[in-house]
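Chain naming here is simple, since letters A, B, ... match the order of the sequence lines and numbering starts at 1 in each.
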Amino acid sequence: MTRLSEFLLPTEREAPADAEALSHKLMVRAGLVRQVGAGLWTWLPAGWRTHQRAVQIIREEMDGAGAQEMLMPLMQPAELWQRTGRYGIDELLKLRDRREAELVLAMTHEEVVTTHATQLIRSYRDLPKVLYQFQVKERDEPRPRAGVLRTREFVMKDAYSFDRDAESLNATYEQLGAAYDRIFDRCGIEWYRAKADVGSMGGHGSDEYMAPCGAGENDVVVTPGYVANIEVASADPQPVVLPAALTEPQSVSTPGLTTVEDVSAALELPAGALLKAYPVVLSAGDEFVLVMVRGDHRISEVKLRIALGGFRAAEPAEIERRLGPPGFIGPVGAQMRIVLDRGVAVDAGGYLVGANRPDTHLHGVVPGRDFNFELADVREVMLGDTIGGTAIRIEAAIEVGNIFKLGTRYSEPMGATYLDQNGVSQLIWMGSYGIGPARIAAAAVEQFADQQGISWPRAIAPFDVHLVTLGKPQSEERELSERLYRELEAAGMRVLYDDRDAGPGEKFADAELLGVPLRATVGRRTLASGEVELQIRRGQQGSSVAVADAAASIAAAWQSVP
RNA sequence: CGGGGCGUGGCGCAGCCUGGUAGCGCGCCUGCUUUGGGAGCAGGAGGUCCCCGGUUCGAAUCCGGGCGCCCCGACCA
């Protein structure tokens with residue numbers, strides 16, 4: 001029974017002044033959520049209905065994939081996190097209880113679930129297993145933002161898989177990936193499965209489920225058949241026309257010209273005819289490495305880390321000592337390991353590079369002849385790049401879920417092993433799989449909203465039909481509306497009945513703001529024509545159904561709504 | 001962590017520079033009218049002006065400190 005006269009739906013005419021993201025503005029205006037503090041949000045009844053509908057879809061598909069739901073505590077002993085080496089994470093919220101015991105509020109549950117696995121999984125016969133929960137996650141975010149999109153506390157569906165070996169993990173991973181595909185399809189949002197970075201904690205593979213939308217914090221690179229987070233994406237660069245190679249490098253005077261822009265402008269060369277030098281120091285062994293990319297390209301820190309392992313940018317003093325004045329450094333004569341990005345065409349002509357001398361560059365330089373190098377893909381892709389001849393698109397997106405092959409990252413420090421068929425102790429191979437229902441809701445708002453407000457996919461809408469009555473209390477229209485309300489509920493519809501004593505404009509505006517997929521209107525016209533007016537929120541197409549079997553017609557119409 | 005901005009009834013804002021009875025719109029309450037696109041008239045309720053300290057006869061306003069919130073960037077296991 002949901003009568004708007006009794007339901008808490010505090011709609012607002014104006015968005016909060018500080019709201020920027022569309023979903024932030026609309027979710028507050030539509031009365032779905034309210035802010036408590038930075039990155040801390042209350043879900044009001046209508047918003048929570050949507051959240052829980054997403055949760056239910058996830059639950060059904062996880063169960064369908066053989067996963068088992070459980071619940072683990074949010075508050076955990078710090079000791080578990082010290083054991084896996086994650087206690088130092090800045091985003092991890094630490095606290096002490098009255099006895100000064102060190103605790104954390106968990107950001108994920110690998111430590112706890114692996115502790116249980118250690119105790120409860122003993123034999124190869126106990127594997128594989130997938131466990132999951134819907135539980136609050138806490139993150140001490142440096143900067144919460146965009147309403148419900150990046151918060152300090154949020155509900156996450158987190159699942160953990162346990163397998164005998166890498167091969168079995170791969171199978172589980174794909175099985176859960178298929179469940180994820182179904183979940184996001186069923187939720188009615190647009191999504192991509194994007195190749196992703198495994199992060200600095202290592203791992204054996206990861207995909208991110210990305211919902212393209214204006215408020216997206218991530219960029220995904222998209223071509224038919226290829227989607228990747230821009231952090232790890234690879235593509236073919238646009239070719240550049242290079243000056244001819246010289247028989248040997250020649251000095252060019254470039255006084256004070258330390259940037260690619262300055263040099264290319266002064267020498268009338270395309271930026272792509274320059275090679276940019278990026279000196280780094282590896283975390284392992286303090287080795288000095290010179291990374292070279294085309295002048296019009298950018299280093300991708302993530303891809304470089306994947307190629308080299310951990311590193312830091314070299315300090316100016318180190319650069320001066322090892323190479324030459326910053327701004328004029330280059331690979332020719334450099335006594336060190338040189339990594340050349342794959343985007344640099346090696347036999348296409350002569351490049352311009354820093355000469356390792358003040359105010360000087362070198363012309364006509366040929367990689368391989370003038371310096372030795374190893375190739376690696378370390379640049380960030382950019383618009384204009386192609387994959388298989390097709391131009392890439394770069395789209396902003398929010399991460400609504402991820403799947404991750406952990407391998408033995410947690411089973412090893414936690415000692416999670418099993419006995420195989422030969423009685424030999426083996427490490428359990430794990431995976432982790434997250435989904436943020438709040439982000440699904442926000443992504444849906446972002447993707448389908450129009451000038452009037454939200455337009456929910458029917459699968460996660462707070463209600464199926466928004467019944468608007470225009471009659472005054474005690475009127476004949478009211479009587480008809482009440483009857484239709486009962487009939488719709490009897491037909492299994494989730495009905496929001498706007499029985500408030502308010503004007504039509506206000507009721508219609510609120511209905512459009514809230515974005516329930518169908519709106520049925522009963523008013524004077526209904527009495528005159530014997531027809532109930534029906535409007536599909538997405539596209540706002542109107543139609544009429546006969547009063548006599550209105551409930552059945554509306555239930556049928558709902559089936560064909562997006 | 002760097003840069004910028006903002007804290008005044010539920011929401012959106014003005015007032016602050018130049019100190020002197022705290023205002024506007026929306027919302028809310030009561031009554032009457034109105035009822036197919038945020039309606040009208042009349043009456044009314046509601047504010048520690050973020051907090052602490054200072055200057056002053058007097059502080060929303062000036063000064064100092066703190067807290068909170070937002071945006072851009074960095075970060076985001």
K.L.:
Check every atom of B:rC11, B:rA77, B:rU35 against the side chain of A:R86 and return the nucleotide holding the closest atom.
P.N.:
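Shortest atom-to-atom distance from the side chain points to B:rA77.
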K.L.:
Using only modelled atom types and a 3.5 angstrom limit, is any donor from either the side chain of A:E12 or the base of B:rG10 paired with an acceptor on the other?
P.N.:
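Between B:rG10 and A:E12, which were checked side chain against base, a qualifying N/O pair under 3.5 Å is absent.
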K.L.:
Can you tell me how the ring of A:F7 sits relative to the ring of A:F463, calling it parallel under 30°, perpendicular over 60° and tilted otherwise?
P.N.:
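Because their plane-to-plane angle is over 60°, the rings of A:F7 and A:F463 count as perpendicular.
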K.L.:
So, are A:R145 and A:E20 salt-bridged, with charged N and O less than 4.0 Å apart?
P.N.:
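No salt bridge links A:R145 with A:E20.
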K.L.:
In this structure, how many angstroms lie between the P atom of B:rA77 and the NE2 atom of A:H204, rounded?
P.N.:
18 Å
K.L.:
Strictly by ring pair (Phe, Tyr, Trp, His ring centres under 6.0 Å), give each pair with a member in residues 519-548 of chain A just once, sequence neighbours left out.
P.N.:
none
K.L.:
Using whole Å, what does the distance between atom P of nucleotide B:rC29 and atom CG of A:D501 come to?
P.N.:
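Result: 11 Å.
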K.L.:
Quick one: A:R524 CZ to B:rU34 C1', roughly how many Å, whole number?
P.N.:
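After rounding, the reported distance stands at 12 Å.
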K.L.:
Is A:D510 touching bases, backbone alone, or none of the nucleic acid, heavy atoms closer than 4.0 Å?
P.N.:
base
K.L.:
Would you classify A:R519 as touching base, sugar-phosphate or nothing, given that sugar-phosphate means primed atoms plus P, OP1 and OP2, and contacts are heavy atoms under 4.0 Å?
P.N.:
base
K.L.:
What interatomic distance, in whole Å, is found between C1' of B:rG31 and the corresponding atom of B:rC49?
P.N.:
33 Å
K.L.:
State whether A:D140 and A:K94 are salt-bridged, where the test is any N-O pair (Lys NZ or Arg NE/NH1/NH2 against Asp/Glu carboxylate O) under 4.0 Å.
P.N.:
no
K.L.:
Between A:E79 and A:Y87, do the side chains contain an N or O donor and an N or O acceptor separated by less than 3.5 Å?
P.N.:
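Note: A:E79 and A:Y87 side chains miss the donor-acceptor criterion.
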K.L.:
Using a 4.0 Å cut-off on protein heavy atoms (strictly under), produce a 5'-to-3' string for nucleotides 65-74 of chain B with B for base contact, S for backbone-only sugar-phosphate contact, and - for none.
P.N.:
----SSBBBB
K.L.:
Please give the distance between the C1' atoms of B:rU21 and B:rA59 as a whole number of Å.
P.N.:
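Rounded to whole Å, the distance is 14 Å.
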K.L.:
Does A:T11 or A:T108 map to a spot on RNA chain B nearer the 5' end, using the closest nucleotide for each?
P.N.:
A:T11
K.L.:
Looking at A:F134, does the NZ or CZ of A:K157 lie under 6.0 angstrom from its six-membered ring centre and within 45 degrees of the ring axis?
P.N.:
no
K.L.:
Say we look at B:rG65 and B:rG4: how far apart would their P atoms be, to the nearest angstrom?
P.N.:
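Approximately 16 Å lies between the P atom of B:rG65 and that of B:rG4.
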K.L.:
In whole Å, what separates the C1' atom of B:rU48 from that of B:rC24?
P.N.:
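These two C1' atoms come out 22 Å apart once rounded.
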K.L.:
Applying a 4.0 Å non-hydrogen cut-off, can you work out what A:P16 is touching in the nucleic acid: base, sugar-phosphate, or nothing?
P.N.:
sugar-phosphate
K.L.:
If you find the nucleotide of RNA chain B closest to A:A15 and the one closest to A:R500, which residue's nucleotide is nearer the 5' end?
P.N.:
A:A15
K.L.:
Can the positive tip of A:R538 be found less than 6.0 Å from the middle of the six-membered ring of A:F448, inside 45° of the ring normal?
P.N.:
yes
K.L.:
For atom C1', what is the distance between B:rU35 and B:rC71, given to the nearest Å?
P.N.:
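Taking atom C1' in both B:rU35 and B:rC71, they lie 43 Å apart.
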K.L.:
For a quick check under 3.5 Å, do A:D158 and A:T108 share a side-chain donor-acceptor pair by atom type?
P.N.:
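Checked: A:D158/A:T108 side chains show no N/O donor-acceptor pair below 3.5 Å.
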K.L.:
Short of 4.0 Å, heavy atom to strand atom, which residues of residues 534-549 of chain A count as contacting RNA chain B?
P.N.:
none
K.L.:
Determine whether the aromatic ring centres of residues A:F162 and A:Y410 are separated by less than 6.0 angstrom.
P.N.:
no
K.L.:
Contact class for A:E512 vs. all strands (heavy atom < 4.0 Å): base, sugar-phosphate, or nothing?
P.N.:
base
K.L.:
Considering only the C1' atoms, how many Å lie between B:rC50 and B:rA60, rounded to the nearest integer?
P.N.:
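Roughly 12 Å separates the two C1' atoms.
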K.L.:
Using the P atom on both, measure B:rA45 against B:rG58 and round to a whole Å.
P.N.:
31 Å
K.L.:
Measure CD/A:Q451 against C1'/B:rG37 and give the value in whole Å, please.
P.N.:
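After rounding, the gap between these two atoms is 16 Å.
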K.L.:
Identify whether the distance between the nearest side-chain nitrogen and carboxylate oxygen of A:R478 and A:E482 falls below 4.0 Å.
P.N.:
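Judged by the 4.0 Å cut-off on N to carboxylate O distance, A:R478 and A:E482 do not form a salt bridge.
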K.L.:
Taking B:rA39 as the reference, what is the distance to B:rC52 when you measure between their C1' atoms (whole Å, please)?
P.N.:
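One C1' to the other, the span is 48 Å.
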